[in-house]
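The block underneath contains the structure these notes are about, expressed in structure tokens.
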Protein chains: 2
Amino acid sequence: MDGGEKTGVVTALVRSSFLVNAAYAEAGRECGLTPQQGQLLCALMPQPYGMSELGALLGLARSSLTGLVDRTMRRGLVRREPDPRDGRAVRVALTDEGAALAEDFRAATCRRIEELSAGLGAAERATLAELLGRLLQENAGRDNAGRAANRNSS
Amino acid sequence: MDGGEKTGVVTALVRSSFLVNAAYAEAGRECGLTPQQGQLLCALMPQPYGMSELGALLGLARSSLTGLVDRTMRRGLVRREPDPRDGRAVRVALTDEGAALAEDFRAATCRRIEELSAGLGAAERATLAELLGRLLQENAGRDNAGRAANRNSS
DNA sequence: CCCAGTAATTCGCGTCACGAATTACACAAC
DNA sequence: GTTGTGTAATTCGTGACGCGAATTACTGGG
């Protein structure tokens with residue numbers, strides 16, 4: 001052994017993050033969405049957002065977001081509405097089709113991720129959730145996109 | 001409560017995977033590497049590989065890998081050597097500069113990920129590692145790239 | 001009325017990933 | 001030893017993604 005119990009945690013975190021990413025990507029393919037578009041839809045589930053707000057939420061530069069919204073709009077999943085209070089601003093909202101697909105994507109993602117922990121007992125799942133919760137709490141604020149991605153299952 | 005302890009685990013796994021991804025990306029920027037190039041370097045740390053082998057290891061199509069190796073080679077971090085046993089094949093190996101940078105990247109990544117769990121006690125870290133380890137074991141084989149990414153800290 | 005600041009977009013660049021078609025070689029069969 | 005047949009990589013064309021710099025359109029204060 002290498003004498004480091006830290007290494008074990010590092011490896012486990014990295015590898016499990018690959019599993020989660022794969023689950024995300026798979027769920028996206030199942031719904032005909034890229035992971036980015038899936039995240040965009042999930043971020044918009046609770047309410048419409050302006051481009052700048054949305055950029056901060058997803059951790060993207062404004063110019064990057066324009067393209068993502070363009071592509072997603074071309075598929076009819078989101079729409080741009082003018083902000084009544086500010087002629088410069090735009091609000092991005094889900095279309096009906098986008099809202100339905102967002103729901104599907106969220107469900108598909110959750111299902112796949114639940115499956116990952118299917119081998120653990122209820123108590124172990126709870127412990128895992130608690131430990132990871134602590135870890136997240138200690139590192140709050142570094143994120144942004146993670147929060148947006150889970151605006152759903154909060 | 002929402003009646004689902006599963007939801008908690010799902011959320012925690014997703015959010016922590018975002019933290020890990022962010023750590024990866026940050027470590028990459030610190031070393032002037034894209035995450036993909038970083039992974040390529042890490043995969044090559046133990047030994048050179050052929051393109052097909054490497055593609056399987058990283059979960060990439062052959063044609064995608066060609067470009068990644070091209071770009072990384074342009075930066076002088078890897079080199080292509082002819083396979084002495086097979087005139088068709090190529091072996092991709094780290095240059096000295098690439099090996100040094102791979103080491104830096106690995107260290108930077110591990111450091112950042114260790115920091116994530118800095119708020120946990122030793123016993124908690126061990127529990128977390130064990131639970132995630134079980135989760136990984138149950139889901140072995142779904143991965144590929146995850147394994148490659150950690151060829152280092154095994 | 002003018003001007004500084006802000007919201008988005010456009011533009012040009014580079015990375016990443018894929019599938020289909022292609023080239024070069026290996027190896028077995030005849 | 002020529003002829004397949006299969007395999008290793010590469011090339012080509014396409015598209016998503018992300019960024020910074022420059023631009024356009026509007027707001028709001030002086």
Side-chain angles (χ1 to χ4, degrees), chain A residues 18 21-22 24-26 28-29 31-41 43 48-75 77-93 105 144-145 148-149, chain B residues 18 21-22 24-26 28-29 31-41 43 48-75 77-93 105 144-145 148-149:
Chain A
F18 275 90
N21 283 350
Y24 237 89
E26 261 183 72
R29 259 177 315 177
C31 301
L33 286 173
T34 65
Q36 287 79 7
Q37 291 178 5
Q39 273 203 242
L40 174 59
L41 297 190
Y49 283 102
M51 294 292 284
S52 298
E53 258 175 318
L54 208 45
L57 206 57
L58 298 176
L60 293 178
R62 255 118 16 79
S63 60
S64 311
L65 190 57
T66 297
L68 179 58
V69 170
D70 283 348
R71 289 185 292 273
T72 312
M73 197 171 59
R74 241 179 270 138
R75 299 195 187 178
L77 305 176
V78 297
R79 101 185 132 248
R80 283 176 165 96
E81 347 180 290
D83 185 325
R85 324 166 66 93
D86 187 337
R88 297 166 295 179
V90 167
R91 293 190 335 174
V92 184
F105 177 71
N144 273 334
Chain B
F18 275 91
N21 283 350
Y24 237 88
E26 261 182 73
R29 259 175 313 174
C31 300
L33 286 173
T34 66
Q36 285 77 9
Q37 291 178 3
Q39 274 204 240
L40 174 60
L41 296 189
Y49 283 102
M51 293 293 283
S52 299
E53 260 174 317
L54 208 46
L57 206 58
L58 299 176
L60 292 179
R62 253 111 31 75
S63 60
S64 311
L65 190 57
T66 298
L68 179 58
V69 170
D70 283 349
R71 289 184 292 274
T72 313
M73 196 171 60
R74 243 179 268 139
R75 299 196 187 178
L77 304 177
V78 298
R79 99 184 133 247
R80 283 177 166 96
E81 352 181 283
D83 185 325
R85 322 165 68 94
D86 187 339
R88 297 166 296 179
V90 168
R91 292 189 336 172
V92 184
F105 176 72
N144 273 334

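Chain naming here is simple, since letters A, B, ... match the order of the sequence lines and numbering starts at 1 in each.
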I need a per-nucleotide contact map over nucleotides 25-30 of chain D, read 5' to 3'. Cutoff is protein heavy atoms under 4.0 Å; write B for the base, S for backbone only, - otherwise. BBS---

Quickly work out the L60(A) CG to dA16(D) P distance and round it to whole Å. 16 Å

As a test of reading the structure: which of dT11(D), dC19(D), dG18(D) is closest to the side chain of A61(A), going by heavy atoms? dC19(D)

Sugar-phosphate only, base, or nothing, as touched by R75(B) at under 4.0 Å among non-hydrogen atoms: sugar-phosphate

For A43(A) against L58(A), the heavy-atom pair lying closest together: CB-CD2, 3.9 Å

Closer than 4.0 Å, any side-chain N/O of T66(A) to the OP1 or OP2 of dT9(C)? yes

Check the pair V92(A), M51(A) against side chain to side chain contact (heavy atoms under 4.5 Å, CB included), reporting the backbone distance first and the verdict last. CA-CA 7 Å; V92(A) 184; M51(A) 294 292 284; 3.6 Å; yes

Heavy-atom nearest nucleotide on DNA chain D for R62(A) versus R62(B): which residue maps closer to 5'? R62(B)

Return no unless some side-chain N or O of R71(B) is found under 4.0 Å from OP1 or OP2 of dA17(C). no

Round to the nearest Å and state the distance from L68(A) atom CG to dA16(D) atom P. 11 Å

For Y24(A) and dC17(D), give me the distance from atom OH to atom P, rounded to whole Å. 14 Å

Within this structure, what is the CZ-to-C1' distance between R91(B) and dA9(D), rounded to whole angstrom? 16 Å

Using whole Å, what does the distance between atom P of nucleotide dC11(C) and atom CG of D70(A) come to? 12 Å

Checking contacts here: which listed nucleotide (dT10(D), dA7(C), dT9(C)) is nearest the side-chain heavy atoms of M51(A)? dT9(C)

In this structure, how many angstroms lie between the P atom of dA16(D) and the CZ atom of R74(A), rounded? 7 Å

Can you tell me the distance, in whole Å, between the CG atom of L33(B) and the C1' atom of dG14(C)? 15 Å

Strictly below 4.0 Å, N to O, side chains only: are R88(A) and D86(A) in salt-bridge contact? yes

Could you give the CG-to-C1' distance, from L65(B) to dT11(D), as a whole number of Å? 15 Å

To the closest 0.5 Å, what do you measure between OG1 (T34(B)) and OH (Y24(B))? 11.5 Å

Can you name the nearest heavy-atom pair linking V78(A) to V69(A), along with the distance? CG2-O, 4.0 Å

Residue pair Q37(A) / R75(A), side-chain donor-acceptor N/O under 3.5 Å: yes

I need the minimum non-hydrogen distance between P35(B) and A25(B), along with the two atoms involved. CG-CA, 4.3 Å

Working note: R80(B) + M73(B), criterion side chain to side chain contact (heavy atoms under 4.5 Å, CB included); need CA distance, chi angles, decisive distance, verdict. CA-CA 8 Å; R80(B) 283 177 166 96; M73(B) 196 171 60; 3.0 Å; yes

Between the protein and nucleotides 21-24 of chain D, which nitrogen or oxygen pairs come in under 3.5 angstrom?
none

Any protein N or O atoms within reach of nucleotides 1-4 of chain C? Criterion: under 3.5 Å, listing atom names and distances.
none

Taking Q39(A) for its side chain and Q36(A) for its backbone only, find out whether a donor-acceptor pair lies under 3.5 Å. no

Side chain of A89(A) - closest among dC16(C), dA17(C), dA8(C): dA8(C)

Straight-line distance of L77(A) CG to L33(A) CG, nearest 0.5 Å: 6.5 Å

Hey, which sits more toward the 5' end of DNA chain D by its nearest nucleotide, G67(B) or Q37(A)? G67(B)

Main chain of L68(A), side chain of T72(A): is a donor-acceptor contact present, judged purely on distance under 3.5 Å? yes

Could you please spell out the steps behind the side chain to side chain contact (heavy atoms under 4.5 Å, CB included) verdict for Y49(A) and L57(A)? CA-CA 10 Å; Y49(A) 283 102; L57(A) 206 57; 4.1 Å; yes

